[in-house]
Amino acid sequence: MKHLMSAAALFIGVTLFITVAHAEALSEHGVWTVFKTVEGGSPVCFAGSEPQKDEGDYTKRGDIYILVTHRPAVKELDVISIEAGYDYQKGLDATVTIGGGKFELFTSGSTAWARDSATDKKMVNAMKKGSAMIVTGKSWRGTKTKDTYSLTGFTAAYNAARKACGL
């Protein structure tokens, strides 16, 4: 099961990177940006942001961001993915804290995801109500990181991404 989940995560991660690279920015809401692209003739829309603060004892780190993606053609809505800017330590989850809520996300390579759509939806609801989100993880080298995202503008960006995809 883990092997299949890792293979699926890798495929999704590569697809996500290609999607983001070819997306058109539609609008900005606070520190969140709404994007839209087309995959296989169908719209894909997402809201994304970078952390306002990234902490850890590292010398080099790649891009760090979160996306909430909608692929209505395949009924994938509210899919949360977090790019760490490094490969996570195998077998360890990333932890997301929003207000008093904690969520454990599985990791594969440099990306973290919720294990199911119910967790994605709970996270989106917490993000709508919250003011900040903290993501903690550990790199393959053992470096602990803490990224703090502002949720200012998230609800407006989330709604705009849904509208852009006709939801």
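Sorted by first and then second residue, the disulfide bond (SG atoms under 2.5 Å apart) pairs involving residues 61-111 (not counting sequence neighbours) form an empty list. Residue pairs meeting the disulfide bond (SG atoms under 2.5 Å apart) criterion with at least one member in residues 112-150: none, sequence neighbours excluded. Listed by first then second residue, pairs satisfying side chain to side chain donor-acceptor pair (under 3.5 Å) with a partner in residues 132-142 number zero, not counting sequence neighbours.
Annotation for Gln52 and Glu50: closest pair NE2-O, 3.0 Å, computed over non-hydrogen atoms. Scanning both residues, Thr107 and Ala94, for their nearest heavy atoms gives CG2-N, 3.7 Å. Across all non-hydrogen atoms, the minimal contact from Tyr149 to Ser49 is CE2-O, 3.5 Å. Residue Phe46 comes nearest to Val44 through the heavy atom pair CD2-CG1, 4.1 Å, listed as atom of the first residue, atom of the second, then distance.
In this structure Glu83 satisfies the side chain to side chain contact (heavy atoms under 4.5 Å, CB included) test together with Tyr65, Ser110, Thr111, sequence neighbours excluded. The side-chain hydrogen bond (donor to acceptor under 3.5 Å, both in side chains) check on Ser42 picks up nothing, with sequence neighbours excluded. With sequence neighbours left out, the side chain to side chain contact (heavy atoms under 4.5 Å, CB included) criterion links Ala118 to Asp116. Among residues two or more places apart in sequence or in another chain, the side chain to side chain contact (heavy atoms under 4.5 Å, CB included) test is passed with Glu76 by Arg71, Val74, Val79. In this structure Asp54 satisfies the salt bridge (charged side-chain N to carboxylate O under 4.0 Å, His left out) test with no other residue, sequence neighbours excluded. For Glu104, the side-chain hydrogen bond (donor to acceptor under 3.5 Å, both in side chains) partners at least two apart in sequence or on another chain are Thr95. Asp120 meets the side-chain hydrogen bond (donor to acceptor under 3.5 Å, both in side chains) test with no other residue; sequence neighbours excluded.
With no hydrogens or angles considered, a side-chain donor-acceptor pair links Thr145 and Tyr86 at under 3.5 Å.
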Enumerate donor-acceptor pairs with a distance under 3.5 Å from any side-chain N or O in residues 156-167 to protein atoms, sequence neighbours excluded.
unit_1	atom_1	unit_2	atom_2	d
Tyr158	OH	Asp78	OD1	2.7
Tyr158	OH	Asp78	OD2	3.2
Asn159	ND2	Thr155	O	3.3

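In terms of hydrophobic clustering, with Ile, Leu, Val, Met, Phe, Trp and Tyr side chains grouped at heavy-atom distances under 4.5 Å, Leu151 and Phe103 are assigned to a common cluster. By the rule that hydrophobic residues join a cluster once side-chain heavy atoms approach within less than 4.5 Å of another member, Val68 and Met133 end up as members of one cluster. Hydrophobic cluster membership differs between Val135 and Leu67, with clusters built from Ile, Leu, Val, Met, Phe, Trp and Tyr side chains linked at under 4.5 angstrom. Neither Val124 nor Phe35 shares a network with the other; the hydrophobic side chains, linked directly or stepwise wherever heavy atoms of I, L, V, M, F, W or Y lie under 4.5 Å apart, form separate groups for each.
Note that SG of Cys45 is 10.5 Å distant from CD of Glu24, once rounded to the nearest 0.5 Å. The line from NZ of Lys75 to CG of Leu77 is 9.0 Å long, rounded to the nearest 0.5 Å.
Val96 is not listed as a side-chain neighbour of Lys102, based on a closest heavy-atom distance of 4.5 Å or more. For the pair Leu105 and Arg115, the minimum side-chain heavy-atom distance is 4.5 Å or more. The shortest distance between side-chain heavy atoms of Ile80 and Trp113 does not fall below 4.5 Å. Ile66 places a side-chain heavy atom less than 4.5 Å from the side chain of Trp32. Taking the side chain as every heavy atom from C-beta outward, Met127 and Ile98 approach each other to under 4.5 Å. Two residues are said to be in side-chain contact when any heavy atoms from C-beta on lie closer than 4.5 Å; Pro51 and Thr148 fail this criterion.
When hydrophobic residues (I, L, V, M, F, W, Y) are linked wherever their side-chain heavy atoms come within less than 4.5 Å, Leu92 remains an isolated member.
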### Message
Between Arg61 and Thr143, is the side chain to side chain contact (heavy atoms under 4.5 Å, CB included) condition met? List the steps.
### Response
CA-CA 11 Å; Arg61 196 165 171 195; Thr143 304; over 6 Å; no
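In Lys121, the NZ atom is crowded: over 12 heavy atoms of neighbouring residues, nucleotides or ligands sit closer than 6.0 Å. In the displayed structure, Lys144 atom NZ is contacted under 6.0 Å by at most 12 heavy atoms of other residues, nucleotides or ligands.
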